[in-house]
Amino acid sequence: MNTVVDTALIQALDREHFLHPFTDFKDLATRGARVITKAENIYVWDSEGHKILDAMSGLWCVNVGYGREELASAAYRQMMLLSYYNSFFQTTNVPAVQLAAKLAALAPEVGGRSFRHVFYSSSGSESNDSNVRMVRRYWDLLGQPQRKVIISRNNAYHGSTMAGASLGGMSGMHAQGDLPIPNITHIEQPYFYELGQPGESSAEFGLRAARWLEEKIIETGPDKVAAFIAEPVQGAGGVIIAPDSYWPEIQRIVDKYGILLISDEVICAFGRLGYWFAYEKFGYRPDLVTFAKGVTSGYIPLGGVMVGDRVATVLIEQGGEFNHGYTYSGHPVACAVALANLELMEKENLPGRVRDDIGPYLARRFTELGEHPLVGLAETCGFMAGLVLVRNKATQEAFKPELGVGMLCRSHCFRLGLIMRAVGDRMIIAPPLVMTHDQIDEMIALIRRCLDATLADLQAAGHLD
Ligand SMILES: *Cc1c(COP(=O)(O)O)cnc(C)c1O
């Protein structure tokens, strides 16, 4: 395959015509975008021939690694057989049906509740829009139309459509576009490192953080609250891992007030935390589960909602048209690729590998980075990990935000051949689930070099004592 690219030409056309997502257009125009031209396994290459270890799986999605023939040929075969047909007007297609049945079989039953139905979209954002529509329809059908409020968390990420961005707790996103839309409200995130009080254990903090939900329900009026939505581990927020005590208390609270629980597993499902679905790891019982990203390992867009029996039964038995859906709901090619992806994950036992093998190995190697003079905390959950860059380890003193220490570290990563993401001064990874132990070692060595280079810069500039 021809991968020789005229970098300057592509960058010029990019600047002329392509408005990138989440990008300062003016700033990018002065630099020129990095052109990625090919990828294999856990590595990507840019147009200058640099090989880069992609510790972010693209955007948290390439779970089976790049360049898998099984997925490409599934797409090819399905395109030749039935490239598209819609699932409106009482029609269906074989891959969409097979995938729905497969997902239902993979989703574990919890507390007597099972997931037997799937509603399809093409992305995580759309899926969360569907959640809002479905949750409101559910309460309408139950004769409680006043239950409209959905509670979410600060620093959550639930996508970038109007509803997705509203459910999310990103202040920068809310500031552009008069968000959140009405009837969406937020509580504080369960981030112990930042919000824990002196002398408080992480278990105590987890309970306190969960009770912010109860306080918000009472403040809002329990009869007005429709649902609580949360990521099992907050991804884009910086890999924020709640203490173990958090989820059982959340479950107690949503049960007590009868509100729906939405688990946004767009990142956390499909092996990322060592299970097909993340609620299984934490043992809570969601009514709706958002998925996207890893369902196709990012090879083609697909998203959806696993609809638990509690909601599905009401939507189905009460009858009446649900006035919502997408042209690409149940797209046959996307569903065929998802099926091939899940089969590959099963064959290679990727969730089990993360749970029993590479997850624990990553935990051991990654937490060693906690000894680095710049690192205040290094933690993992399954195959996600984050570390905090601090000015003073002992006091947890942070760097001034305007120094942009996370971005400095990230630029060293790119230079040294590693993709790591910076969220403020939290450096995060979510590598492909096919990584070997040797590749984990290679990645940890690269991270260490990036931390050393960042440290050297900060010392040279006099930002450390
Ligand atoms: C990425 C993400 C989304 C949005 O998915 P898109 O496919 O980008 O619309 C929603 N929720 C979570 C938790 C995500 O990580």
Side-chain angles (χ1 to χ4, degrees), residues 20-23 56-63 119-135 150-170 172-174 177 179-180 184 186 189-191 227-242 261-273 275 277-279 281-282 284 286 288-306 326-329 331 334-335 337-338 341 381-386 421 423 426 428-431:
H20 292 233
F22 286 98
T23 294
M56 277 306 299
S57 305
L59 262 182
W60 322 86
C61 50
V62 188
N63 291 12
F119 191 91
Y120 288 117
S121 74
S122 300
S123 71
S125 303
E126 289 174 352
S127 304
N128 281 327
D129 277 53
S130 296
N131 274 328
V132 173
R133 300 290 302 275
M134 233 177 306
V135 161
I150 302 179
I151 302 174
S152 179
R153 305 183 295 186
N154 291 343
N155 198 37
Y157 189 77
H158 296 298
S160 197
T161 52
M162 295 293 276
S166 296
L167 291 169
M170 302 290 180
M173 291 174 75
H174 291 173
L179 302 178
I184 290 174
H186 299 79
Q189 59 179 334
Y191 187 17
F228 174 61
I229 183 169
E231 298 155 88
V233 171
Q234 281 156 260
V239 183
I240 307 296
I241 306 161
L261 177 57
I262 309 170
S263 187
D264 184 345
E265 307 205 357
V266 168
I267 290 174
C268 294
F270 306 114
R272 177 61 57 197
L273 299 188
Y275 296 82
F277 290 94
Y279 66 84
K281 176 179 173 69
F282 297 113
Y284 60 86
L288 298 157
V289 177
T290 321
F291 66 87
K293 295 190 172 120
V295 70
T296 58
S297 286
Y299 278 61
I300 199 164
L302 179 69
V305 181
M306 303 294 300
Y326 308 103
T327 300
Y328 299 129
S329 290
H331 193 292
C335 291
V337 172
N341 177 59
C381 186
F383 231 45
M384 299 168 84
R421 184 160 162 184
V423 179
R426 259 185 97 87
I428 59 176
I429 57 167

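What you see below is based on every heavy atom in this structure, not just the backbone, and it leaves out hydrogens, waters and symmetry mates. Whatever order the structure lists ligands and atoms in, that order sets their numbers, starting from 1.
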Please list, chain by chain and in numerical order, all residues satisfying side-chain contact (heavy atoms from CB on, under 4.5 Å) with S166, sequence neighbours excluded.
L179, P180, I181, I184
Shortest protein heavy-atom distance from atom 10 (C) of ligand 1, along with the residue and atom involved
H158 C, 3.4 Å
Minimum heavy-atom distance between T290 and G124, given as atom pair plus value
CG2-O, 4.0 Å
On the 0 to 90° scale, with breaks at 30° and 60°, tag the H331-Y328 ring pair as parallel, tilted or perpendicular.
tilted
Is there a donor-acceptor pair under 3.5 Å between the side chain of S329 and the backbone N or O of T327?
no
Within a radius of less than 6.0 Å around CE of M170, do more than 12 heavy atoms belonging to other residues, nucleotides or ligands occur?
yes
Is the contact between S123 and ligand 1 made by the side chain, the backbone, both, or neither, using heavy atoms and a 4.0 Å cut-off?
both
Looking only at protein heavy atoms, identify the closest one to atom 9 (O) of ligand 1 and say how far it is in Å.
S125 OG, 2.5 Å
List the closest protein heavy-atom neighbour of atom 6 (P) of ligand 1: residue, atom name, distance to the nearest 0.1 Å.
G124 N, 3.4 Å
Quick one: look up the protein heavy atom nearest atom 1 (C) of ligand 1 and list residue, atom name and how far away it is.
K293 NZ, 1.5 Å
Under the ring-ring contact (aromatic ring centres under 6.0 Å, His included) rule, collect the residues that match up with Y326, sequence neighbours excluded.
H324
Looking only at side chains, do S160 and S125 share a donor and an acceptor under 3.5 Å apart?
no
Select one of side chain, backbone, both or neither to describe which atoms of E231 lie under 4.0 Å from any atom of ligand 1, heavy atoms only.
side chain
Y157 and ligand 1 - part of the residue with a heavy-atom distance under 4.0 Å
both
Provide the number and element of each atom of ligand 1 under 4.0 Å from a heavy atom of I267.
15 (O)
Write out the residue and atom name of the closest protein heavy atom to atom 11 (N) of ligand 1, then the distance separating them to 0.1 Å.
D264 OD2, 2.8 Å
